[in-house]
Amino acid sequence: MSKLARVRVRVRVLVRRVRASRRDAGMVTSEYAMGIIAAVAFAAVLYKVLTSGQVSTELQNIVKRALDVRM
């Protein structure tokens with residue numbers, strides 16, 4: 001095998017590796033959209049839980065107890 005043929009083979013192998021690594025390199029636009037929708041839904045649920053009466057009261061009690069601690 002000539003030197004030029006070996007170089008061509010190496011280049012082909014490198015190109016295939018680069019192309020293969022790019023296939024699953026990141027998310028496509030639809031995956032970003034689904035991720036954003038899931039994050040917003042989670043934030044909405046978390047907001048509802050934290051602003052509910054019982055959780056809000058408990059959080060206020062925790063803050064009051066923390067402020068009443070003597071140092």
Side-chain angles (χ1 to χ4, degrees):
M1 185 181 283
S2 70
K3 189 174 183 178
L4 181 60
R6 283 184 283 186
V7 170
R8 285 182 181 165
V9 169
R10 286 183 183 174
V11 169
R12 284 185 197 140
V13 170
L14 289 173
V15 168
R16 286 182 189 150
R17 284 183 187 169
V18 169
R19 286 181 181 166
S21 69
R22 285 186 174 179
R23 288 183 190 147
D24 294 327
M27 295 190 296
V28 294
T29 304
S30 61
E31 291 172 331
Y32 278 116
M34 293 303 295
I36 290 170
I37 290 170
V40 169
F42 179 73
V45 169
L46 186 60
Y47 176 77
K48 283 291 190 182
V49 168
L50 291 177
T51 57
S52 69
Q54 185 178 5
V55 174
S56 180
T57 303
E58 287 298 321
L59 289 173
Q60 287 176 1
N61 289 338
I62 290 170
V63 170
K64 285 178 185 176
R65 277 186 266 142
L67 293 175
D68 289 339
V69 173
R70 295 183 185 250
M71 291 190 193

Next item on the list: Group every Ile, Leu, Val, Met, Phe, Trp and Tyr by side-chain heavy-atom contacts under 4.5 Å, then state whether F42 and M34 land in the same group.
Entry: no
Next item on the list: Sequence neighbours left out, what passes side-chain contact (heavy atoms from CB on, under 4.5 Å) with S2? Give chain and number order.
Entry: L4, A5
Note to self: If the condition is side-chain contact (heavy atoms from CB on, under 4.5 Å), which residues does V7 pass it with, not counting sequence neighbours?
What the structure shows: V11
List, one per line, each side-chain donor-acceptor pair under 3.5 Å for residues 54-66, sequence neighbours excluded.
from, atom 1, to, atom 2, distance (Å)
T57, OG1, G53, O, 2.8
N61, ND2, T57, O, 3.4

